[in-house]
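As structure tokens, the structure follows; a few thoughts come after it.
What you see is a predicted model, and the numbers here were worked out from it, not measured in a lab. Proteins come first, then strands; the chains are lettered A, B, ... in the order of their sequence lines, and each starts at number 1.
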Amino acid sequence: MKQVATLPARILWNAFFWTYERATWQYDVMVVTILAFVWLTPPDWLRDPMASGDGPIGWLLRRLAE
Amino acid sequence: MTVTGLIGRICMLPLRLIISACVALRIHPNILTFVGVLINIAAAWALALGKFFTAGVIMVIANIFDFIDGKVAIEMGAVSAFGGFWDSVIDRFSDISLFIGLIYLYSQLGRTDYVMITALAMMFAIMTSYTRARAESLIAKCKVGFMERPERIVLFMIGAFTNRMAAVMWVIGVLSVFTVADRIILTYRELRDTRREAVV
């Protein structure tokens, strides 16, 4: 796979087949991606039973639409 | 140094003091493990009642016990095979109790969709531990995949403190599926290579 794969495909494969240790830069990138999803995704998009509202992304989209 | 490495070092400072106190008081690590699961059950109760912030605070306390038991065992010279087994078993009870707390909450709210998402996340979280334990009875090491217990616990706390538990369940669910798949793939490859070497 690694010999023929393009860079994006390799990045995706490495993110899926995770072999990195904690406290590496790859780990930091994954943590930031997860936190971005958790905190930025509007709860309404996920139909969150306990939280509501647009969240930062929804707010930004609303501002852009205005 | 990476950001997560720095956070880990900062968190270790107060934990070192707690570990030293436990060693000085000669508290057996197996007792610390057991106290940890009892506090986690209290956290699960708070989750079931929808009191996320309270659950987050209780989880922090519970996981201090979870984290320090192994270190206390090393410093007291009380490391044993049973201690390792006891810790693993009790950790599963702690994990499952938190998921059950959420499942109860979502079922009380009539949200079958999130009951299912949380139940699936729980299933794959347990399978993450099982696949590694079973694989390591066949191959030397099976430490692949992102979503291990520490990541799961920190995500539970983040979800509880910031009221984003639904997003956290999605993350735990999806990344646990990947982790289980990674461990199956690695075990298959390792066993296939061993078989090939045996034939040659």
Residues F52(B), L47(B); criterion side chain to side chain contact (heavy atoms under 4.5 Å, CB included); working and verdict:
CA-CA 6 Å; F52(B) 283 175; L47(B) 285 177; 3.7 Å; yes
Chain A heavy atoms under 4.5 Å from L105(B): which part of the residue, side chain, backbone, both or neither?
side chain
Among P43(A), A51(A), P49(A), which residue has the highest count of heavy-atom pairs closer than 4.5 Å to chain B?
P49(A)
Between M147(B), E151(B), K143(B), M165(B), which shows the greatest number of heavy-atom pairs under 4.5 Å with chain A?
E151(B)
Can a side-chain donor-acceptor contact be found between S97(B) and N40(B) if the only test is distance below 3.5 angstrom?
no
Under 3.5 Å, side chain of S107(B) to main-chain N/O of Y104(B), donor-acceptor pair present?
yes
Greatest number of heavy atom pairs closer than 4.5 Å to chain B - which of V32(A), L35(A), I34(A):
I34(A)
Counting only heavy atoms closer than 4.5 Å, note whether R164(B) contacts chain A via side chain, backbone, both or neither.
both
Between V154(B), I158(B), V168(B), which residue shows the highest count of heavy-atom pairs closer than 4.5 Å to chain A?
I158(B)
Mind listing the closest non-hydrogen atom pair of A43(B) and I58(B) along with its distance?
N-CG2, 3.6 Å
Can you say whether I117(B) sits under 4.5 Å from chain A via the side chain, the backbone, both, or neither, judging by heavy atoms?
neither
Hydrophobic clusters here meaning ILVMFWY residues chained together by side-chain heavy-atom distances under 4.5 Å, can you tell me if L25(B) and I68(B) are in one?
yes
So which part of F178(B) gets closer than 4.5 Å to some heavy atom of chain A, the side chain, the backbone, both or neither?
both
Would you mind checking which part of F146(B) comes under 4.5 Å of any heavy atom in chain A, side chain (CB onward), backbone (N, CA, C, O), both or neither?
both
Can you establish whether the number of heavy atoms outside R195(B) located under 6.0 Å from its atom CZ is more than 12?
no
Non-hydrogen atoms of chain A under 4.5 Å away: do they reach the side chain of L6(B), the backbone, both or neither?
neither
Please report the shortest heavy-atom distance between F124(B) and V180(B), naming the atom on each side.
O-CG2, 3.7 Å
